[in-house]
Amino acid sequence: MGRHGWDTGAGRWRLTALLGVGAAVVALVVALVTALPGDPSTEGTTRDGDRVHGTPGPPRHADEPSVGWGFTHTRFSADEGSDAATDRVAAMLAKNTGLPQNQAIMGWGADNPEPVKGRYDFDALDRRVDFMRASGGTPVITLCCAPDWMKGGRPGADNTDWSQQALETAPTPDHFEDFADLAATVARRYPDVRHFIVWNEFKGFWNDAADRWDYEGYTELYNLVHRALKEVNPKIMVGGPYLVMDSVDPRRTQYASREVRGPWGAMDQRVLDAFTYWNTHKAGADFVVVDGSSYTKDDALLPDEFAATDKLTAVGRWVRQQTRDLPLWWAEYYVEPADGNDDRKGWSEPHRVAVQAAGMIAMAKGGATTGFYWNPEEEKGPDCPGCLWTPTDTADGGRPLPLYDLLTRFSRAFPPGTTYRNVSVAPDDVPNVRVLADDDTVLVVNTLDRAISAQVDGRRFTMQGYEVRWLER
């Protein structure tokens, strides 16, 4: 799909210290003696992939199918960089009682976990899990993507194809069981991880001949993984299908849903069909996972960037109705279209934060109890549009940015189980503000790029352009 750009683990390979001449000779002799010609390389791998890593703490939200509002680690994150900067982020997160954190098993900062069947390399994933533990977050693992040998590629520690096309290839059906075995290995290695998402955006599951999603193939994989995880620990929480909830211009007729539509567009019926099949044939689910954007497949924000977020509410309500109110997770959510380089740098930060806040309000109104912000941390440099914190490459890095404040305050104010309340808004202000409230807090967003005098919850106050205001009740 490429919606969030392409972040593989290719640029994160660990640098190996140069060997001395003597050590290199010894290593070469050992390799010649122990390896047969043509055998795939197993350098850096071990056989004990399911050995418990580190010191797991008590699982957070262990018996709860919702974990709240957090973020996803991408290619560059706060597990690497200056010690001062990474420690600053970990402490910052822990101070905020931890945020749920999501990490894929391959790509987005993680290396190939099983380069050769039965031989594992979890060093990069271990590092991410260690960071999640140190920062007090509820760890979530997305079971994507698959080692090369499971999808027609070559096995070997030095044969991983990190191209987008290769990584977005699904396991072949004859390796679905192997992928389920890998999922079980991951679950045994990190027993404090109790929440797993199966696969990512149906990557590789497209039926070209039928011009639709291969929902039969995905559901078969999902069911095998679900069974394997539950055999490791029946208390593990499993969810899917992590479909991209694509929409089209409301004037389109081809593939446009007649049921789920609004001024923001119409859902692509092929997505709804895929979801319906999975929902009907799934072995079980503890929560349901979707992702998507407020804009259409053509990057249109209809009727504008704030009103377009109503799509997130409509999708959430439809999904909850289909699943009889399973807890709803948004694995990714986007409100700002990307440019030709897949960057989102066209808006000012106040504008970006305001629309993000409107999007989170819309998801909550649609019944979502969990959401993960896709954190696009840069490797270096002073600028990091849309990031939660500054890059951690220098000792002065790892400092909070405006979106971090939004995410942490939203997470604290509206955790899973929140009962939302209606509040009064002056008629003249209704078109200009977005509001979410419970018994203790009111979140108000000014959707205009100019100052307004707003009357909300019986109080009148001035708001600057695109201001996000928190009121105590």
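Since the model is a prediction, treat every value here as computed from it, not as a measurement. Starting from 1, each residue takes its place in the sequence as its number.
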S.K.: Under the criterion side-chain contact (heavy atoms from CB on, under 4.5 Å), I'd like the reasoning laid out for D79 against T86: C-alpha separation, chi angles, the key distance, then a yes or no.
M.R.: CA-CA 6 Å; D79 60 311; T86 58; over 6 Å; no
S.K.: Sub-3.5 Å donor-acceptor pair from the side chain of S293 to the main-chain atoms of E336, do we have one?
M.R.: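 Checking the backbone N and O of E336 against the side chain of S293, no donor-acceptor pair under 3.5 Å is found.
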S.K.: Can you tell me if CG on D439 sees more than 12 non-hydrogen neighbours from other groups inside 6.0 Å?
M.R.: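 More than 12 within 6.0 Å, yes.
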S.K.: Relative to the ring of W329, is the ring of F372 parallel (under 30°), tilted (30 to 60°) or perpendicular (over 60°)?
M.R.: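 Rings of F372 and W329: tilted, as their planes differ by 30° to 60°.
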S.K.: Flag the pair H73 / W108 as yes when at least one side-chain heavy-atom distance between them is below 4.5 Å, and no otherwise.
M.R.: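 The answer is no, as the side chains (C-beta and beyond) never meet within the 4.5 Å cut-off.
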S.K.: First locate atom CG of N200, then atom CD of E168, and finally report the distance between them rounded to the nearest 0.5 Å.
M.R.: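 If I round to the nearest 0.5 Å, the distance is 8.0 Å.
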S.K.: I'd like to know if the side chain of R469 reaches the main chain of T462, judged simply by a donor and an acceptor atom lying under 3.5 Å from each other, with no hydrogens or angles considered.
M.R.: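 Pair found, side chain donor or acceptor close to backbone of T462.
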S.K.: Is there a donor-acceptor pair closer than 3.5 Å between any side-chain N or O of K235 and the backbone N or O of D63?
M.R.: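 No.
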S.K.: How about F179 and H175: are their ring centroids closer than 6.0 Å?
M.R.: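 No, ring centres 6.0 Å or more apart.
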S.K.: Please report the interatomic distance CE(M245) to CD(E332), rounded to the nearest 0.5 Å.
M.R.: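 Separation between the atoms: 13.5 Å.
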S.K.: Are the side chains of F306 and P431 in contact, using a 4.5 Å heavy-atom criterion?
M.R.: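 Of all side-chain heavy-atom pairs linking F306 with P431, none is under 4.5 Å.
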S.K.: Tell me yes or no: between the side chains of E377 and W389, is some donor less than 3.5 Å from an acceptor?
M.R.: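 Result is yes, a qualifying pair exists.
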S.K.: If every non-hydrogen atom of P391 is compared with every non-hydrogen atom of E379, which pair is closest and at what distance?
M.R.: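 So the minimum-distance heavy-atom pair works out to CB-O, 4.0 Å.
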S.K.: Using the side-chain contact (heavy atoms from CB on, under 4.5 Å) rule, take Y255 and K297 through it: C-alpha gap first, then chi angles, then the decisive distance, then the call.
M.R.: CA-CA 12 Å; Y255 303 128; K297 293 173 70 174; over 6 Å; no
S.K.: Could you check whether any side-chain N or O of T169 sits under 3.5 Å from a backbone N or O of Q165, counting only pairs where one atom can act as donor and the other as acceptor?
M.R.: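 Between the backbone of Q165 and the side chain of T169 there is a qualifying donor-acceptor contact (under 3.5 Å).
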S.K.: Taking atom types as modelled and ignoring hydrogens, do the side chains of T172 and D174 form a donor-acceptor contact shorter than 3.5 angstrom?
M.R.: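 Present: a donor and an acceptor within the cut-off.
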S.K.: Would you say the side-chain atoms of N279 pair up with the backbone N or O of Q322, donor to acceptor, closer than 3.5 Å?
M.R.: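 Present.
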S.K.: So, for E259 and S257, which heavy atoms are closest and what is the spacing to 0.1 Å?
M.R.: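 Smallest interatomic distance, heavy atoms only, reads N-OG, 3.0 Å.
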S.K.: For N375, is there any backbone N or O sitting under 3.5 Å from a side-chain donor or acceptor partner on T74?
M.R.: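 A pair under 3.5 Å: yes.
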S.K.: On the 0 to 90° scale, with breaks at 30° and 60°, tag the W69-Y333 ring pair as parallel, tilted or perpendicular.
M.R.: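 Correct class here is perpendicular.
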S.K.: Checking the side chain of N233 only, and the main-chain atoms of P191 only, is there a donor and an acceptor separated by less than 3.5 Å?
M.R.: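 A pair under 3.5 Å: no.
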S.K.: Give the C-alpha distance, both sets of side-chain angles, the deciding distance and a yes or no for salt bridge (Lys or Arg N to Asp or Glu O under 4.0 Å) between R434 and D310.
M.R.: CA-CA 11 Å; R434 293 286 169 127; D310 291 339; 2.9 Å; yes
S.K.: Just verifying a value: how many Å separate E467 CD and D449 CG, rounded to the nearest 0.5 Å?
M.R.: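 If I round to the nearest 0.5 Å, the distance is 14.0 Å.
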S.K.: Check whether any side-chain heavy atom of W199 sits under 4.5 Å from a side-chain heavy atom of P171, and report yes or no.
M.R.: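 W199 vs P171: side chains touch.
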S.K.: I need the full list of ring pair (Phe, Tyr, Trp, His ring centres under 6.0 Å) pairs touching residues 414-440, with sequence neighbours left out, sorted by first then second residue.
M.R.: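 Found F410-F414, F414-Y420.
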S.K.: Who pairs with S453 by side-chain hydrogen bond (donor to acceptor under 3.5 Å, both in side chains), at least two apart in sequence or on another chain?
M.R.: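 In terms of side-chain hydrogen bond (donor to acceptor under 3.5 Å, both in side chains), with neighbours along the sequence ignored, S453 is linked to R460.
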S.K.: Is there a side-chain contact between P113 and L182, using heavy atoms and a 4.5 Å cut-off?
M.R.: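 Result yes, sub-4.5 Å side-chain heavy-atom pair found.
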S.K.: Less than 4.5 Å apart, any side-chain heavy atom of Y215 and any of T276?
M.R.: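 Of all side-chain heavy-atom pairs linking T276 with Y215, none is under 4.5 Å.
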S.K.: What's the shortest heavy-atom distance between G217 and F176, and which atoms?
M.R.: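 Shortest heavy-atom separation between G217 and F176 comes out as O-CE1, 3.5 Å.
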S.K.: Going by distance alone, is a donor N or O of one side chain under 3.5 Å from an acceptor N or O of the other, for T296 and D249?
M.R.: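 No, D249 and T296 have no side-chain donor paired with an acceptor closer than 3.5 Å.
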S.K.: Scan residues 437-473 for pairs that pass ring pair (Phe, Tyr, Trp, His ring centres under 6.0 Å), counting only residues two or more places apart or in two chains.
M.R.: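 Listed by first then second residue: H351-Y466.
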S.K.: Check whether any side-chain heavy atom of E64 lies under 4.5 Å from a side-chain heavy atom of P416, and answer yes or no.
M.R.: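 Heavy-atom side-chain distance check fails, nothing below 4.5 Å.
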S.K.: Start with the C-alpha gap between R127 and D111, add the side-chain angles, then the distance that decides, and say whether salt bridge (Lys or Arg N to Asp or Glu O under 4.0 Å) holds.
M.R.: CA-CA 11 Å; R127 187 175 61 245; D111 295 337; over 6 Å; no
S.K.: Rounded to the nearest 0.5 Å, how far does CH2 of W278 lie from OG1 of T323?
M.R.: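 Reported to 0.5 Å precision, the distance equals 7.5 Å.
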S.K.: If you round to the nearest 0.5 Å, how far is OH of Y404 from CE of M92?
M.R.: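 Between atom CE of M92 and atom OH of Y404 there are 4.5 Å.
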S.K.: Parallel, tilted or perpendicular: which describes the rings of W213 and W206, with under 30° parallel and over 60° perpendicular?
M.R.: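 Aromatic pair W213/W206 classed perpendicular.
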S.K.: Checking side-chain contact (heavy atoms from CB on, under 4.5 Å) for the pair F287/V67: CA distance, chi angles, key distance, verdict?
M.R.: CA-CA 11 Å; F287 52 89; V67 298; over 6 Å; no
S.K.: Where do T309 and A362 come nearest, in terms of heavy atoms and distance?
M.R.: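 Here T309 and A362 meet closest at O-CB, 3.1 Å.
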S.K.: If every non-hydrogen atom of G367 is compared with every non-hydrogen atom of L328, which pair is closest and at what distance?
M.R.: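 Residues G367 and L328, closest heavy atoms: O-CB, 4.1 Å.
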S.K.: Which pair of heavy atoms, one from L403 and one from C387, lies closest together, and at what distance?
M.R.: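 Closest pair (atom of L403, atom of C387, distance): CB-O, 3.9 Å.
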S.K.: Under 3.5 Å, is there a donor-acceptor pair between the side chain of R473 and the main chain of A437?
M.R.: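 No, because the side chain of R473 does not come within donor-acceptor range (under 3.5 Å) of the backbone of A437.
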S.K.: Can you list the steps and then say if T441 with D438 is a side-chain contact (heavy atoms from CB on, under 4.5 Å)?
M.R.: CA-CA 6 Å; T441 306; D438 63 6; 3.7 Å; yes
S.K.: Run the numbers on D211 and R270 for salt bridge (Lys or Arg N to Asp or Glu O under 4.0 Å), then give the verdict.
M.R.: CA-CA 9 Å; D211 195 27; R270 295 170 296 181; 3.4 Å; yes
S.K.: Do R212 and D273 have side chains that get closer than 4.5 Å, going by heavy atoms?
M.R.: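 Side chain of R212 against side chain of D273, heavy atoms only: no contact under 4.5 Å found.
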S.K.: List the steps, then state whether salt bridge (Lys or Arg N to Asp or Glu O under 4.0 Å) holds for R133 with D192.
M.R.: CA-CA 9 Å; R133 290 170 176 170; D192 51 337; 2.8 Å; yes
S.K.: Classify the side-chain pair T219/H281 by whether it contains a donor and acceptor separated by less than 3.5 Å.
M.R.: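 Side chains of T219 and H281: no pair found under 3.5 Å.
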S.K.: Is there a donor-acceptor pair under 3.5 Å between the side chain of S247 and the backbone N or O of A266?
M.R.: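 Side chain of S247 to backbone of A266, a donor-acceptor pair under 3.5 Å: no, none is there.
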S.K.: Report yes if some heavy atom in the side chain of V198 is under 4.5 Å from a heavy atom in the side chain of Y218; otherwise report no.
M.R.: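 The answer is yes; the side chains approach within 4.5 Å.
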S.K.: Is a salt bridge present between K230 and D286, judged by a nitrogen-to-oxygen distance below 4.0 Å?
M.R.: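 A salt bridge is present here (some side-chain N lies under 4.0 Å from a carboxylate O).
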S.K.: Hey, what do you get for CZ (F196) to CE (M237), rounding to the nearest 0.5 Å?
M.R.: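 F196 atom CZ to M237 atom CE measures 12.5 Å (nearest 0.5 Å).
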S.K.: Looking only at atom types and distance, does a side-chain atom of T72 sit under 3.5 Å from a main-chain N or O of W374, one as donor and one as acceptor?
M.R.: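 Checking the backbone N and O of W374 against the side chain of T72, no donor-acceptor pair under 3.5 Å is found.
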